[in-house]
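Just so you know, these numbers come straight off a predicted model, no measurement behind them.
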Amino acid sequence: SSSCADSCRGAASEMCGFAGVTWWGGARPTGIEAMVERMVATINHRGPDSDGLIDAAGCRVGFKRLAIVDLTTGDQPVSNEDGSVEVLLNGEIFNHRELRARLERDGHRFRTQGDAEIIPHLYEEYGDAFVEHLNGMFAICLIDHTRQRTLLYRDRLGIKPLFVATAGDAVAFGSELKTIIAGGVIEPEIDPSQLLMFLGNFCTAGRETLLQGIERILPGEMMEVRAGQPHRRHRYYRIPVTAEAAATPPDLDSLDALLGDAVSLRLMADVPVGISLSGGLDSSLITMYAARAERSDLNLFTVHFEGTPRDELECAVDVARHFGLPHETLSASTGSFL
């Protein structure tokens, strides 16, 4: 069948990334500069627009940016007024304008129009609980220079990836698993206990990955690494479980409003926006809600694989025609993946 294509920059905000090492012992790891450089080099494809670096007493981390919001002044890292708190963000904060207005009323001053810059100021106001004010999809690396602590956050549903590995008194972390392999913190070995799950589902569950010693930060979880103390992990959010009322009919008007709002928020971009249109129900619905926003730079993309039925591709063409949106079909052969 047809598949998704993140072929337009506005649809690919997840392609930013960071990688680094943080430690809680006193000594700076030998060769840390070359180690982080190797790690970041593995994610060059995630950010062609600019590079960033934080070099702190207990952490060194590099960043690759794909510019989506504030193309001119939105490079990272970003900081508070005195530079004591620095942040790298992979993702988007959808309510950053409302948060910025509130923070400015409280006396905070900003250098950019980007969404990332609200985070160090929120941290000044609310400490670790700053994340509770964010509406978005994100993996965050926050460095508090004064308190010598590194904080890693992953969004509530785990949309943004974030991997970690502990070796001695150091934690290597990155937006892709291969960043940790490149750092040489651990020897990559298959975890036999995860092999069958991976072969059956093409993924593993929970914190575990296919490689021993490399874990995920869970959705709604944070990790703190602080000078002189072992690292800790904490779930700041869990999906609430409520009793279902089977006899209660669904509120379709509320569902329609929620879906419309969710799609509208994700159209936030200072670059053209693309939609991965497979021709199935979910991507067709997203296209419908996006079309209502009447962005003039909205484009649709469909990837079709050789030898598969054309039913969904034909549906994708029909959807694009119905909404009068530009549509491009990309054909992928087996050789495309070699």
As a quick check of understanding, evaluate side chain to side chain contact (heavy atoms under 4.5 Å, CB included) for Leu99 and Leu134, giving each step before the final call. CA-CA 9 Å; Leu99 293 173; Leu134 301 180; 4.0 Å; yes
Walk me through it: do Ile181 and Leu211 pass the test side chain to side chain contact (heavy atoms under 4.5 Å, CB included)? CA-CA 10 Å; Ile181 298 175; Leu211 297 184; 3.5 Å; yes
So Thr42 and Glu176, side chain to side chain contact (heavy atoms under 4.5 Å, CB included) or not? Walk me through it. CA-CA 9 Å; Thr42 66; Glu176 293 188 15; 5.9 Å; no
Yes or no on side chain to side chain contact (heavy atoms under 4.5 Å, CB included) for Leu89 and Gln76, after CA distance, side-chain angles and deciding distance? CA-CA 8 Å; Leu89 165 70; Gln76 299 183 40; 3.7 Å; yes
I'd like to know whether Arg149 forms a salt bridge (charged side-chain N to carboxylate O under 4.0 Å, His left out) with Asp128, so could you lay out the CA-CA distance, the side-chain angles of the two residues, the decisive distance to 0.1 Å, and finally the verdict. CA-CA 11 Å; Arg149 62 198 303 243; Asp128 295 3; 2.9 Å; yes
Show me the side-chain donor-acceptor pairs of residues 195-205 shorter than 3.5 Å, one per line, residues at least two apart or across chains.
| residue | atom | partner | partner atom | Å |
| --- | --- | --- | --- | --- |
| Asn201 | ND2 | Met197 | O | 3.2 |
| Thr204 | OG1 | Glu208 | O | 2.6 |
| Thr204 | OG1 | Arg216 | NH1 | 3.2 |
| Thr204 | OG1 | Arg216 | NH2 | 3.0 |

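Taking 4.5 Å as the limit, some side-chain heavy atom of Ile214 sits within range of a side-chain heavy atom of Ile186. Considering only heavy atoms from C-beta on, Leu210 stays 4.5 Å or farther from Asp191 through its side chain. The closest side-chain heavy-atom distance from Arg60 to Leu53 is below 4.5 Å. No side-chain heavy atom of Phe138 sits under 4.5 Å from any side-chain heavy atom of Ile159. The side-chain heavy atoms of Glu132 and Tyr126, taken from C-beta on, include no pair separated by under 4.5 Å. For the pair Arg102/His108, no side-chain contact is recorded, criterion being any heavy-atom separation below 4.5 Å from C-beta on. The closest side-chain heavy-atom distance from Arg28 to Asp55 is below 4.5 Å. Within the 4.5 Å cutoff, the side chain of Leu277 has no heavy atoms near those of the Phe301 side chain.
Applying the under-4.5 Å side-chain rule to Ile, Leu, Val, Met, Phe, Trp and Tyr, the cluster around Ile143 extends to Phe18, Trp24, Ile54, Val61, Phe63, Leu88, Leu152, Leu162, Val164, Val171, Phe173, Ile217, Met223, Val225. In this structure, Leu218 stands alone, with no Ile, Leu, Val, Met, Phe, Trp or Tyr side-chain heavy atom under 4.5 Å from its own, directly or through other members.
Considering OG1 of Thr22 and CD of Gln148, their distance stands at 10.5 Å, rounded to 0.5 Å. Here NE2 of His327 is found 11.5 Å from CG of Leu298. Values are rounded to the nearest 0.5 Å. Here the straight-line distance linking atom CG of Asn95 with atom CG of Asn135 works out to 5.0 Å at 0.5 Å rounding. The distance from atom CD of Glu33 to atom OG1 of Thr30, rounded to the nearest 0.5 Å, is 9.5 Å. How far CD of Gln212 is from CD of Glu187: 12.0 Å, rounded to the nearest 0.5 Å. A distance of 10.5 Å separates NE2 in His322 from OG in Ser284, rounded to the nearest 0.5 Å.
Using a 3.5 Å distance cut-off with no hydrogens or angles, the side chains of Thr73 and Asp70 do pair a donor with an acceptor.
In summary, the aromatic rings of His121 and Phe110 are positioned with their centroids under 6.0 Å apart.
Considering every non-hydrogen atom in both Glu92 and Val69, the closest pair reads OE2-CG2, 3.5 Å. The heavy-atom pair separating Gly91 from Asp115 by the smallest distance is O-OD2, 4.1 Å. Taking every heavy atom of both residues into account, Pro77 and Gly52 meet most closely at CD-CA, 4.0 Å. When all heavy atoms are compared, the tightest approach of Thr150 to Cys141 is CG2-SG, 4.3 Å. In this structure, Ile93 and His96 approach most closely via the heavy-atom pair O-CD2, 3.2 Å. The shortest non-hydrogen separation linking Ile43 to Gly17 is CD1-C, 3.7 Å.
Under the 4.5 Å side-chain contact rule for hydrophobic residues, Val185 and Ile190 share a cluster. In terms of hydrophobic clustering, with Ile, Leu, Val, Met, Phe, Trp and Tyr side chains grouped at heavy-atom distances under 4.5 Å, Leu258 and Leu157 are assigned to different clusters. The cluster map of Ile, Leu, Val, Met, Phe, Trp and Tyr, joined by side-chain heavy atoms under 4.5 Å apart, puts Tyr237 and Leu122 in the same cluster. Leu300 and Tyr289 fall within the same hydrophobic cluster, defined by Ile, Leu, Val, Met, Phe, Trp and Tyr side-chain heavy atoms under 4.5 Å apart, directly or through other members. Under a hydrophobic-cluster definition in which Ile, Leu, Val, Met, Phe, Trp and Tyr are linked whenever side-chain heavy atoms come within less than 4.5 Å, directly or via other members, Leu267 and Phe323 are assigned to the same cluster.
Of the possible donor and acceptor atoms, one in the side chain of Arg111 sits under 3.5 Å from a partner among the backbone N and O of Asn80. The main-chain N or O of Ser283 is found under 3.5 Å from a side-chain atom of Thr287 such that the two form a donor-acceptor pair. Under the 3.5 Å distance criterion, the side-chain polar atoms of Asp251 are left unmatched by any main-chain donor or acceptor of Pro249. Judged by distance alone, the side chain of Thr179 and the main-chain N or O of Ala19 form no donor-acceptor pair under 3.5 Å.
Of the candidates Arg154, Arg207, Arg238, Arg207 is the only one forming a salt bridge (charged side-chain N to carboxylate O under 4.0 Å, His left out) with Glu221.
No more than 12 heavy atoms of other residues, nucleotides or ligands shown are found within 6.0 angstrom of CD on Glu37. Within 6.0 Å of atom CZ in Arg97, 12 or fewer heavy atoms from other residues, nucleotides or ligands are found, so the atom counts as exposed in its surroundings.
Every side chain to side chain contact (heavy atoms under 4.5 Å, CB included) that Thr146 has, sequence neighbours left out, goes to Ser84, Asp144. Not counting sequence neighbours, His145 has no partner by the ring pair (Phe, Tyr, Trp, His ring centres under 6.0 Å) test. Scored by the ring pair (Phe, Tyr, Trp, His ring centres under 6.0 Å) test, Phe130 finds Tyr153 as partners (sequence neighbours excluded).
Asp256 has a carboxylate O that lies under 4.0 Å from a charged side-chain N of Arg292, or vice versa, which qualifies the two as a salt bridge. A salt bridge does not link Asp75 to Lys64: none of the charged side-chain nitrogens sits closer than 4.0 Å to a carboxylate oxygen. Of the charged side-chain nitrogens involved, none lies within less than 4.0 Å of a carboxylate oxygen, so that Asp49 and Arg65 do not count as a salt-bridged pair. The pair Glu117-Arg109 fails the salt-bridge criterion, with no side-chain N (NZ, NE, NH1 or NH2) lying under 4.0 Å from an Asp/Glu carboxylate O.
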